[in-house]
**Student:** 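Input: one structure, supplied below.
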Protein chains: 2
Amino acid sequence: MMSDVDTFKKLLIEHQLIVGERTFLKDEFLIKAGDVVYFLNWIEKGSVRAFFINEKEEEQNVRFGYIGDLFTSVKSVFLNQPSDLYLQALKKTKVHLISVEKLKSIIQSNEVFSQIWINIIQYLVCQQMDREMDLLTNDPKLRYERVLERSPQLFQEISSKHIANYLRMTPETLSRVRKS
Amino acid sequence: MMSDVDTFKKLLIEHQLIVGERTFLKDEFLIKAGDVVYFLNWIEKGSVRAFFINEKEEEQNVRFGYIGDLFTSVKSVFLNQPSDLYLQALKKTKVHLISVEKLKSIIQSNEVFSQIWINIIQYLVCQQMDREMDLLTNDPKLRYERVLERSPQLFQEISSKHIANYLRMTPETLSRVRKS
DNA sequence: ATTTATTTTTACCTTTGCTCAATAATTAAA
DNA sequence: TTTAATTATTGAGCAAAGGTAAAAATAAAT
């Protein structure tokens, strides 16, 4: 059985929404804060992180993307405003570029697209609720275990340093938590 | 100029999606965890909180609703599963009931509905990103200030006790933060 | 392969938000 | 209005997560 995201990817190809591809070296930025976002990135190879700079000028990770993921600065796309996130390649990463303009247009004109789009963003809302519940867990160990259970692949793909940041703790705390 | 939510409310009336109304006394539950959710609550009067029970059996607030808001257990509606949230009246609260079944049906069949629905849930995603950034702010004072700036009405409507919980801190810490 | 840089682990110390407790202030109930 | 119950404030002590620093382990670069 095909997932909504798989169906959506098939539609992206059929309707020629893929307008190019790009390769980023490790640490290169797909998008920087302040940039206007023209593309969704469909990751063919590599991995990416999304982070923002907080009030103390520190980087704060909010999302990771791996092979097969559609990755972008969502708020920027939805609100038509400059990105508040940085998207950065964690290793050499190849992406296919989906035109935001064409995507928005076809979501408005094509019934099939709009319905599947609804399913996809509704699912995104659900994932964000889970993320909120994770972040509201005070005990670092429980926070770690919750995320490990739901996203085990995260811990395969991403370095502990970045996971610790994502989990709102220091690398030292994560290291201790994993031992105990 | 009419907001998407206002337009949506107008459509709810025109298409007779309001199938009843209910009044809840202070502390009564609109929905309990485990319940199947049949309705969206359009709040006419009063205020409501959404919370879940965490691993330590404590209540954890995740959302508040006031007059005019559409309020429900979103994940339950989107995933067709029992609610993981409790929705509880914080004072005597009157709501109009929107049929989830009818809403889902009309979103699939009516172009106008589906397009405005897309706008509404895309906006919801953006709000959740902001919430995530709030929760990732480590310093309680900054966390308080961020939310106060973006949702000043929250501090009018809701008691400090519940706000503190929502902000991931104790009432004592919130009290001290407000003084300083 | 060797060097350089980065990440992870460990120990010790510091800070800060939480618990507990007592009081004051508000709100609800009789 | 008076009483009861809940909520908000303040202080003191403590536990736990974070900071610092140094060593060990990986990974990257030459």
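The chains referred to below are lettered A, B, ... by the order of the sequence lines, with proteins before strands, and numbering in each begins at 1.
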**Student:** Between B:Glu55 and A:Arg146, does any side-chain N to carboxylate O distance fall below 4.0 Å?
**Tutor:** yes
**Student:** Where do N or O atoms of nucleotides 17-27 of chain D meet protein N or O atoms at under 3.5 Å, pair by pair?
**Tutor:**
residue: D:dA17; atom: OP1; partner: A:Asp139; partner atom: OD1; Å: 3.4
residue: D:dG18; atom: OP2; partner: A:Thr173; partner atom: OG1; Å: 2.3
residue: D:dG19; atom: O6; partner: A:Arg176; partner atom: NH2; Å: 2.9

**Student:** I want to check a possible cation-pi pair here: A:Arg131 against A:Tyr166, using under 6.0 Å from ring centre and within 45° of the ring axis as the test.
**Tutor:**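 The answer is yes, since A:Arg131 meets both limits relative to A:Tyr166.
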**Student:** Whether B:Glu145 and B:Lys141 form a salt bridge (side-chain N of Lys/Arg under 4.0 Å from carboxylate O of Asp/Glu) is what I want to check.
**Tutor:** yes
**Student:** Are OP1 or OP2 of C:dT8 and a side-chain N or O of A:Ser160 less than 4.0 angstrom apart?
**Tutor:**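 For C:dT8, OP1 or OP2 has a side-chain N or O of A:Ser160 closer than 4.0 Å.
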**Student:** May I ask you to say what A:Lys26 touches in the nucleic acid, namely base, sugar-phosphate or nothing, with a heavy-atom cut-off under 4.0 Å?
**Tutor:**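 No contact.
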**Student:** Rounding to an integer number of Å, can you tell me how far A:Arg178 CZ sits from C:dT7 P?
**Tutor:** 15 Å
**Student:** Testing A:Glu58, A:Glu59, A:Gln60 one by one against A:Asn165 for a side chain to side chain donor-acceptor pair (under 3.5 Å), which residue passes?
**Tutor:**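 One option only clears the test, and that one is A:Gln60.
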**Student:** In whole Å, I'd like the distance from the NZ atom of A:Lys161 to the P atom of C:dA5.
**Tutor:** 15 Å
**Student:** Given atom CG of B:Leu174 and atom P of D:dT10, what is their separation to the nearest angstrom?
**Tutor:**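 One finds 12 Å between P of D:dT10 and CG of B:Leu174, rounded.
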**Student:** For C:dT10, does OP1 or OP2 lie under 4.0 Å from any side-chain N or O of A:Lys179?
**Tutor:** yes
**Student:** Could you check how far CG of A:Leu90 sits from C1' of C:dT7, rounded to whole Å?
**Tutor:**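 Computing the A:Leu90:CG to C:dT7:C1' distance gives 14 Å.
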**Student:** Send over the distance from A:Asp27 CG to C:dA5 P, rounded to a whole Å.
**Tutor:**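 The distance from CG of A:Asp27 to P of C:dA5 comes to 15 Å, rounded to the nearest Å.
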**Student:** Whole Å only: how far is the CG atom of A:Asn165 from the P atom of C:dT6?
**Tutor:** 17 Å
**Student:** Just checking A:Gln16: does its CD atom have more than 12 heavy atoms from other residues, nucleotides or ligands closer to it than 6.0 angstrom?
**Tutor:**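 Atom CD in A:Gln16 is not crowded, with 12 or fewer foreign heavy atoms closer than 6.0 Å.
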**Student:** Measure from CD1 on B:Ile163 to P on D:dT9 and round the result to the nearest Å.
**Tutor:** 11 Å
**Student:** Nearest whole Å is fine: how far is D:dT6 C1' from B:Ile158 CD1?
**Tutor:**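 Going from B:Ile158 (CD1) to D:dT6 (C1'), I get 17 Å.
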**Student:** Given the rule in the salt bridge (Lys or Arg N to Asp or Glu O under 4.0 Å) test, do A:Asp134 and A:Arg143 qualify, once you have shown the distances and angles that lead to the verdict?
**Tutor:** CA-CA 6 Å; A:Asp134 291 337; A:Arg143 213 152 65 232; over 6 Å; no
**Student:** Check the angle between the aromatic planes of B:Phe51 and B:Tyr86 and answer parallel, tilted or perpendicular using the 30° and 60° thresholds.
**Tutor:** parallel
